[in-house]
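Since the structure comes first, as structure tokens, the remarks are kept for the end.
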Amino acid sequence: MKGMGLFRALRTTHRSRTMTRQQLHLLQQERLARLIQHAQKHSPYFEKRLGPLSVPLRLEDLPVTEKHELMNHFDEWLTDRSVSKRDIESFMETTDNIGRKLNGRYLVNTTSGSTGHPAIVLYDKATMNVVSAIAILRGVARREDLLAFLKNGKRTAGLFVDGGFYLGNGTVRWNQLRMPWRKNQIIVDVRQDTAAIVQKLNDFQPALLGGYPTALELLLPEQQSGNLHIAPVLIMAGGEHLSAELRMRLQQTFGCTVQSTYACTEAGTIACECGEGRYHLNEDWLIVEAVDFEFQPIADGLAAEQLLITNLFNYTQPFIRYVLTDRATIHSDPCPCGRATRWIELEGRTDDILHFADNIKVSPLSFQSMIAESAPIERFQLIQHNENKLELRLEAQDREAAFAAAEGRLQSFFRDHSLQVDIFLSDKMPQVHSKSGKFKHIYANTDYLPERCT
């Protein structure tokens, strides 16, 4: 896979669209065998973890890997022995390096860290090209929307967290640095006040509007009132669950198609939406397993507690049976769109938008970013008691220090928005809800908590 150019990635990805499910399975096995051979030879971590393997290779014989373990063995995990975690962290100390390549070879990305410490993920040339090929060939569900986007100058605005080494942000800046003469991509930081976001979108007039669903939701009253006056031909939601209700409201308000993808930094786009609204797994480039809490397989059609992802195209940093804590159901029954791949139904995430004085609303991922970036935190929950009072539940090695750092980031944000908010460190730990078993980071009120606070 190393050295795969964009043309070859496009051709290979396009060719697999006509494959049967059996052909896709054989392709997965072939690519898995090559990946495992490379990992055993070049990654000291996987050389030790994999050990001798049976022939033919069986996926279930491979070890399950988790983020914290891989990050603890980062240098041994990489197959490029010239790169170290210390080098990467030094590179990331300069924010001007966002979108630039480490050693001229690797785009550096981090996950948000909202469920634990952030992961560092390197994208080499081949990885970037496969991710790009999937986006180009499968990213837009309807051909007419793609043509309208191209006709309108491909002007794209993304409502995300700016200023970090996140995949969306870094990719946009990488494109801007590669082609500075093109002015058709911008990131609009969701942490700004709504008026500033509206002004930037009005000035830019995007043909494609992307963003977190909760950030897009905040634009609905602005468009309805006329403060926001944009006419995108396509809205692409990501990073959170897009509910059917919000999809319909966005479609009615903006008068365009609204769609989404299922993606993560470690694996790129896991599933793309088809014209029927189903999320088809990119099974030519990924192996996705549905499992329970003990990593035992869950049959298609039944709800799984988590997923295991094997990335078949990142040879620099192999993700093999890597745990994603998303609850989902994988379906193998045929889709009317005609695609042979299985499709996935994700359980909606339920983090809340918080409301403050002067009708200021803040999306949950804005808070997740501020808290996760402030200090090493294993897990957190932010609970709003009223518009002037927040409770922060923390799981961290040094809770007091983590709280001080998180409070500082949050209070800086509130001062910028002329808000006075009291934040206190709870004596309770973050936990799943006792009845639903769901974990939620951001609560808009105290009516539905894992444990009622007093």
Side-chain angles (χ1 to χ4, degrees), residues 89 92-93 95 98 109-120 158-170 187-197 200 211-218 238-240 265 349-358 360-426 429-430 439-445:
E89 290 174 339
M92 292 171 61
E93 289 176 359
T95 56
I98 296 169
N109 307 295
T110 65
T111 59
S112 67
S114 59
T115 57
H117 297 304
I120 298 171
L159 288 171
F160 299 111
V161 175
D162 197 5
F165 285 82
Y166 304 120
L167 180 59
N169 185 41
I187 290 288
V188 181
D189 198 324
V190 296
R191 295 170 295 186
Q192 301 175 95
D193 60 69
T194 303
I197 293 173
K200 288 187 177 181
Y212 309 132
T214 46
L216 295 168
E217 184 177 3
L218 295 178
E240 298 171 326
T265 306
R349 299 172 188 172
T350 55
D351 289 309
D352 297 331
I353 293 174
L354 300 192
H355 297 243
F356 297 92
D358 299 324
I360 292 176
K361 304 173 185 177
V362 184
S363 72
L365 282 188
S366 295
F367 285 120
Q368 289 187 23
S369 172
M370 285 183 275
I371 294 171
E373 291 177 354
S374 58
I377 294 170
E378 297 295 338
R379 222 176 192 193
F380 76 88
Q381 282 172 326
L382 187 67
I383 299 156
Q384 185 171 42
H385 290 250
N386 55 55
E387 64 180 22
N388 300 315
K389 186 177 182 180
L390 295 175
E391 171 191 355
L392 185 56
R393 297 181 177 184
L394 286 178
E395 182 180 340
Q397 287 189 350
D398 188 336
R399 296 180 73 245
E400 296 291 341
F403 173 74
E407 183 188 29
R409 290 290 298 273
L410 292 169
Q411 290 294 6
S412 176
F413 172 85
F414 290 132
R415 283 194 298 272
D416 290 343
H417 291 77
S418 301
L419 293 172
Q420 292 186 340
V421 179
D422 177 49
I423 308 169
F424 71 94
L425 176 61
S426 177
M429 300 296 285
F439 184 83
K440 182 172 171 177
H441 292 97
I442 312 292
Y443 284 87
N445 55 61

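We count residues from 1, following the sequence as given.
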Check: Asp352 side chain, Leu354 main-chain N or O, donor-acceptor pair, under 3.5 Å: no
Which atom of Met92 lies closest to which atom of Phe165, heavy atoms considered: O-CE1, 3.4 Å
Short side-chain to backbone donor-acceptor contact, Thr111 and Ala119, under 3.5 Å: yes
Separation between CD1 of Ile353 and CD1 of Ile442, rounded to the nearest 0.5 Å: 11.5 Å
Non-hydrogen side-chain atoms of Phe414 and Gln420 separated by less than 4.5 Å: no
Under 3.5 Å: donor-acceptor pair, side chain of Gln384, backbone of His355: yes
Carboxylate-amine/guanidinium contact Lys389 Glu391, below 4.0 Å: no
Interatomic spacing from CD in Glu387 to CG in Leu419 - rounded to 0.5 Å: 8.5 Å
Minimum-distance pair of heavy atoms, taken over all atoms of Leu392 and Ala406: CD2-CB, 3.9 Å
Atom pair OG1 (Thr110) and OH (Tyr166), whose distance is rounded to the nearest 0.5 Å: 5.5 Å
Pro213 to Gly238 - nearest heavy-atom pair and separation: CD-O, 3.4 Å
Validation row: Lys200, Gln192 side chains within 4.5 angstrom (heavy atoms): yes
Geometric class of the Phe413/Phe367 ring pair [parallel <30°, tilted 30-60°, perpendicular >60°]: perpendicular
CG-OG distance between Asp358 and Ser418, expressed to the nearest 0.5 angstrom: 8.0 Å
Least distance between heavy atoms, Gly168 atom then Ile187 atom: O-CD1, 4.4 Å
Any side-chain heavy-atom pair of Asn169 and Val161 under 4.5 Å: no
Whether Tyr212 and Phe160 hold their rings parallel, tilted or perpendicular, with breakpoints at 30° and 60°: perpendicular
Any Glu400 side-chain heavy atom under 4.5 Å of Leu425 side chain: yes
Interatomic spacing from CG in Asp422 to CD in Glu407 - rounded to 0.5 Å: 8.0 Å
Rounded distance (nearest 0.5 Å) linking atom CG of Leu410 with atom CD1 of Ile423: 4.5 Å
side-chain contact (heavy atoms from CB on, under 4.5 Å) between Leu218 and Ile197, worked out: CA-CA 10 Å; Leu218 295 178; Ile197 293 173; over 6 Å; no
Flag side-chain contact, heavy atom, 4.5 Å: Arg393 against Tyr443: no
